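Shown next, in structure tokens, is the structure this report addresses.
The structure displayed is predicted, hence computed values, not measured ones. Counting convention: from 1, in listed order, for ligands and their atoms alike.
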Amino acid sequence: MLNIVLFGPPGAGKGTQSERLKEKYGLVHISTGDVFRALDPASELGILAKSYSDKGNLVPDEVTIKILESEVSKHPDAKGVIYDGFPRTTAQAEALDKFLSEKGAEVSMMLSLVVPEDELKTRLIARAEVSGRKDDADPEIIQNRINTYNSSTAPVADFYKGQNKLSEVNGVGSLDEISNRLFEIIDSAN
Ligand code: ADP
């Protein structure tokens, strides 16, 4: 089972590239951000998730881990999964390792998209026009998301580096150029 963690700061292009990896390798794409946004906004869980995501804060680990595990469990016959936006804390990474090892599986690799901060901000502001996302529209919230990434999420790369599973990929260029960089790494690992 191919389990790819697609990693990177907000605006790095994880969602776009995940769709391309999904197509090429026949994988299931799970984006915790998308799962949170798809919750019924009137439900208890929907209200809770929104109270964090609208401000650019992380949804608590306990809730996020449960949601992720239930999404993965919906695809028992998957050839593999792309994890987009998960794990975002070391505790989530440890939980994913445990969850997969109980299935006799493991994270195959982390592909980390590297994009300079100025470029991220430009992309997110532009995305706000089309996404209608509250967390894309406000420069202060964008800054909070980037700060949260730097403080809580960036250490997750070290977690996988320690397992020799980390590959950094230049996330600047055309969409095709970036996809090709990702394809090369996946193909050379298989
Ligand atoms: P982006 O990568 O552009 O910040 P996402 O769609 O991945 O956007 O996530 C949107 C929001 O959803 C995050 O700011 C956070 O509040 C919440 N979220 C998504 N994934 C996680 C996660 N793994 N842990 C905690 N919160 C998460």
Side-chain angles (χ1 to χ4, degrees), residues 3-22 28-41 43-72 81-100 107 110-157 159-160 169 171-172 175 178:
N3 287 297
I4 300 177
V5 174
L6 190 58
F7 191 71
K14 302 183 295 289
T16 308
Q17 294 299 333
S18 290
E19 284 302 312
R20 292 166 165 236
L21 298 182
K22 171 183 163 170
V28 170
H29 170 208
I30 298 177
S31 155
T32 40
D34 286 349
V35 175
F36 288 137
R37 282 185 290 276
L39 293 170
D40 174 354
S43 67
E44 207 177 316
L45 201 53
I47 291 168
L48 178 101
K50 210 167 149 40
S51 72
Y52 291 94
S53 62
D54 274 356
K55 299 192 189 84
N57 295 324
L58 294 181
V59 177
D61 283 338
E62 206 190 86
V63 177
T64 306
I65 290 165
K66 264 196 209 141
I67 289 234
L68 183 277
E69 292 184 355
S70 108
E71 281 300 308
V72 176
V81 177
I82 306 162
Y83 301 86
D84 161 8
F86 186 96
R88 254 173 156 102
T89 62
T90 306
Q92 292 179 15
E94 285 166 353
L96 181 61
D97 268 10
K98 184 163 173 278
F99 177 70
L100 290 177
V107 168
M110 169 187 265
L111 303 173
S112 172
L113 291 169
V114 180
V115 177
E117 197 169 310
D118 282 354
E119 168 83 10
L120 297 173
K121 290 178 184 165
T122 311
R123 289 185 188 179
L124 290 171
I125 297 277
R127 186 171 77 181
E129 302 286 325
V130 281
S131 71
R133 277 171 57 173
K134 214 171 171 176
D135 60 343
D136 285 345
D138 178 339
E140 260 181 53
I141 295 176
I142 290 178
Q143 190 61 54
N144 187 36
R145 286 158 69 198
I146 293 174
N147 294 346
T148 303
Y149 174 82
N150 289 331
S151 60
S152 306
T153 304
V156 177
F159 179 89
Y160 290 105
V169 179
V172 181
L175 295 182
I178 300 164

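Residue contacts with ligand 1, taken as heavy atom pairs separated by less than 4.0 Å, do not involve L124 at all. Using a 4.0 Å cut-off between heavy atoms, T64 contacts ligand 1 through its side chain alone, with no backbone atom that close. If you look at R133 next to ligand 1, the close heavy atoms, those under 4.0 Å, all belong to the side chain.
For S31, no nitrogen or oxygen atom sits less than 3.5 Å from a nitrogen or oxygen atom of ligand 1, counting backbone and side chain alike. Considering both main-chain and side-chain atoms, K14 comes within under 3.5 Å of ligand 1 through a nitrogen or oxygen pair. Between V59 and ligand 1, an N or O atom pair is found at a separation short of 3.5 Å. Here's the thing with F36: none of its N/O atoms is less than 3.5 angstrom from an N/O atom of ligand 1. The N/O atoms of R145, backbone and side chain alike, include one that comes under 3.5 Å of an N/O atom in ligand 1. An N or O contact shorter than 3.5 Å links R37 to ligand 1 by distance.
Residue-ligand proximity, S53 to ligand 1, at heavy-atom distances under 4.0 Å covers atoms 11 (C), 12 (O), 16 (O). Of all atoms in ligand 1, listed by their number and element, those nearer than 4.0 Å to a heavy atom of G85 are 20 (N), 21 (C), 22 (C), 23 (N). For ligand 1, the atoms sitting less than 4.0 Å from at least one non-hydrogen atom of Q92 are 22 (C), 23 (N), 24 (N), 25 (C), numbered in the order shown with element in parentheses. Counting the atoms of ligand 1 from 1 in the order shown, those under 4.0 Å from a heavy atom of N57 are 15 (C), 16 (O).
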Check your understanding: What do the steps show when you test E140 against N144 for side chain to side chain donor-acceptor pair (under 3.5 Å), and what is the final call?
Key -> CA-CA 6 Å; E140 260 181 53; N144 187 36; over 6 Å; no

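T153 approaches R88 most closely through the heavy-atom pair OG1-O, 2.8 Å. Nearest heavy atom pair, residue K134 against residue I141, reads O-CD1, 4.3 Å. Among all heavy-atom pairs drawn from K22 and I82, the shortest one is N-CD1, 3.5 Å. Between P87 and A93, the shortest heavy-atom contact is CB-N, 3.4 Å. Here the shortest heavy-atom pairing between P10 and L120 reads O-CD2, 3.3 Å. Of all non-hydrogen atoms in I142 and D135, the two that sit nearest each other are CG1-O, 3.7 Å.
Taking only non-hydrogen atoms, the option from R123, R127, K55, R88 nearest to atom 9 (O) of ligand 1 is R88.
A salt bridge is absent between K98 and E94: the closest approach of a Lys/Arg side-chain nitrogen to an acidic carboxylate oxygen does not fall below 4.0 angstrom.
Between F86 and the options I30, V156, L96, a side chain to side chain contact (heavy atoms under 4.5 Å, CB included) holds for only L96.
Remark: minimum distance from atom 20 (N) of ligand 1 to any protein heavy atom is reached at T32 OG1, 2.7 Å.
At a threshold of 4.5 Å between non-hydrogen side-chain atoms, the residues H29 and D84 count as touching.
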